Amino acid sequence: MIRFENVGMRYGPGPEVLRDVTFQLEPGTFTFLTGPSGAGKSTLLKLMYLAEAPSRGLITLFGTDLATARRSAFPALRRRIGVVFQDFRLLPHLSAFDNVALPLRLAGRKTDDYTRDVEELLGWVGLGDRMNAKPPTLSGGEQQRVAIARAVVGQPDLLLADEPTGNVDPEIAQRLIRLFGELNRLGTTVLIATHDRGLIERSRSREMRLVDGRLVELRRG
Amino acid sequence: MSEKQRVRGRILPREKGAAPLDVVIAVMAFLAALALGASMLADRQAESWREGLAGRLTVQILQPEHPTSSRNLNTETEAALQILRGTRGILTVTPMPDADAAKLVAPWLGADAMVKDLPLPRLIDASIVPGEHVDFAQLTARLQTVAPDSNVDDHTRWISRLQTLANTIIYAAYTILALIAVATAAAVSFATRAGLEAHHDIVALLHQMGAHSGFIARAFEWHYLLSTLAASAVGAGLAGIAFLAAGGLEFAGVEPVPFLPPLGLNPQELVWLLAVPLASAAIAWATARLSVLAVLREIY
Ligand SMILES: Nc1ncnc2c1ncn2[C@@H]1O[C@H](COP(=O)(O)OP(=O)(O)OP(=O)(O)O)[C@@H](O)[C@H]1O
Ligand SMILES: [Mg+2]
């Protein structure tokens, strides 16, 4: 599903943030990505969701070699990926409902067709009564849950979540992890970057750890 | 996978009230429409000056100093008429009645009976076939053989001076129009870019979610095309109303601005003012499209 071979990454003329990163994510797997702040977790995710290009090395996504793929093929690849951004990136002028519905609208689905799904999902993440609120009026944790709902609503082939439980209490965090597990059981490959040791301990999933830009395999799921 | 992407409802936020840049666009469109109208008026005025004077000549025959029965003002005038009628390129020849000549001098000499006794010159008005060339020097020479005290005025002096004036006015109007058009285009393009700057996050997010460049560009193109069309239509519309009001005042016999030629635009000329909002909308459309595509090309 995803393959990195000797991938290196630097921002502009800066130092290498990722060095010789090599790993593979099999379809339908569930993986945690850990590492200290500044280790390069978000950078690694950005390479996977096609927000940045690697400085060197080989990335294969859904069987497509990104180095040789045409740019016009990227939008279709991006639509197969759900992303929970570390900084949420919700559209402030759209309601929670419309933010969550955005990927479905971009996929060309009709309002009647997805209204129930979106409402149900917002209920699941505990925002059933905040559906018409605009992101600026939501708390940090509530915004995070909208971002998560938006990432999973289209049942993407790959889910990349950057620190998805950073702003919620442990109880909601457990609930969100169960949501990711549910999605994973339906076939989505899941990768979660997190600092939350508790979350990882309770799970028996694979854990990859980034230290100083190098990837260390801590546990095979 | 279906490549056809659609979004119902607004992906771009609705601006509350008229944004300052919309006001700038409306004002620029107003000025551009005024300049456009003014240049059409100047053009029309210059044309009417040219038409009124070009293609005409006036022959003036003075009373001979020692008139005889065979050689007096009447016989000389008759002979001059013959020559004029026989000249190639002359279309019409109209002797001006004495009464008209008297009227011409009335403002200076008064209209009393004494004027009748003055030796007024005879005036002959002739028009030239459009496009035909008449050799004035030769014509003058021939006329002077039958009427020694005659001269030909082809209005060249006036025409060339009026022509210069008309050209100056037209070039000035066109220069102002061009300057304002450039400023309007710059304002529209600046406003569009500034708006896009504010919406950069939306562009980037839609891109990240797998929206096609064309789809994102279309959303912005329409947004700015419509808002610019609205703002510039308001400005050009106000200018149109100003011209209509001037035309209405003139129709009612009031001179809105003394000494200036008529300021009313006719309907065909008013329609041309539509060019201002249409061109502004086109500029906004193109700027939005090019800017969005440029932003997207920069993003990976
Ligand atoms: N856009 C950028 N331009 C330049 N340097 C960057 C950029 N983004 C990240 N970096 C640098 O790259 C390094 C890795 O950053 P990254 O965001 O990937 O870390 P992280 O592991 O996600 O950290 P955290 O746990 O705090 O989110 C950091 O040193 C950071 O300063
Ligand atoms: Mg990070």
Side-chain angles (χ1 to χ4, degrees), chain A residues 9 11 45-54 59 66 69 71-85 87-95 97-115 134-136 147 150-151 153-154 156-158 160, chain B residues 1-22 191-192 194-224 226-227 288-300:
Chain A
M9 169 70 192
Y11 290 100
L45 292 190
K46 280 179 199 162
L47 293 175
M48 296 169 85
Y49 59 74
L50 303 180
E52 297 283 355
I59 301 179
L66 297 185
R71 285 282 201 99
S72 58
F74 283 14
L77 294 178
R78 290 192 180 102
R79 281 201 297 277
R80 298 176 65 180
I81 308 172
V83 185
V84 183
F85 303 99
D87 52 358
F88 316 146
R89 296 176 66 178
L90 301 173
L91 295 187
H93 62 284
L94 292 184
S95 67
F97 178 93
D98 285 330
N99 264 290
V100 173
L102 197 54
L104 303 179
R105 285 164 68 176
L106 286 178
R109 283 177 57 183
K110 300 263 172 11
T111 318
D112 304 340
D113 176 41
Y114 62 66
T115 301
K134 302 267 165 72
R150 182 182 66 187
V153 71
D157 293 329
L158 173 65
L160 302 172
Chain B
M1 182 168 296
S2 160
E3 294 297 291
K4 181 105 189 103
Q5 295 183 326
R6 251 171 303 118
V7 166
R8 299 208 326 169
R10 302 188 136 253
I11 281 192
L12 298 187
R14 194 189 302 274
E15 251 91 33
K16 285 188 205 75
L21 287 168
D22 284 339
T192 306
L196 277 175
E197 199 68 41
H199 296 322
H200 186 275
D201 288 354
I202 304 179
V203 174
L205 181 73
L206 292 175
H207 174 75
Q208 180 58 62
M209 289 186 147
H212 291 288
S213 302
F215 168 86
I216 302 172
R218 236 171 292 132
F220 282 87
E221 276 158 39
W222 278 105
H223 182 83
Y224 289 105
L226 293 178
S227 67
R289 178 166 188 85
L290 295 178
S291 308
V292 172
L293 293 180
V295 165
L296 289 174
R297 256 194 305 279
E298 263 165 48
I299 305 175
Y300 175 50

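Note on naming: letters A, B, ... go to the chains in the order of the sequence lines (proteins, then strands), and numbering restarts at 1 for each one. All heavy atoms count here, side chains included; hydrogens, waters and symmetry mates do not. Since the model is a prediction, treat every value here as computed from it, not as a measurement.
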Applying salt bridge (Lys or Arg N to Asp or Glu O under 4.0 Å), name anything that partners Glu221(B), two or more places apart in sequence or on another chain. Arg289(B)
Pairwise distance CZ(Arg105(A)) to CG(Leu206(B)) - rounded to 0.5 angstrom: 9.5 Å
Atom pair CZ/NE2 of Arg79(A) and His212(B) - distance to nearest 0.5 Å: 4.5 Å
Sort Ile299(B) into side chain, backbone, both or neither according to what part of it lies under 4.5 angstrom from a heavy atom of chain A. backbone
Closest heavy-atom pair and its distance - Gln208(B), Phe85(A): CG-CZ, 3.4 Å
Tell me every residue that passes ring-ring contact (aromatic ring centres under 6.0 Å, His included) with Phe97(A), counting only those two or more places apart in sequence or in another chain. none
Quick one: CD1 on Ile202(B) to CG on Leu94(A), what's the gap to the nearest 0.5 Å? 7.5 Å
Rounded to the nearest 0.5 Å, the CE atom of Met209(B) sits from the CZ atom of Arg89(A) at a distance of 9.0 Å
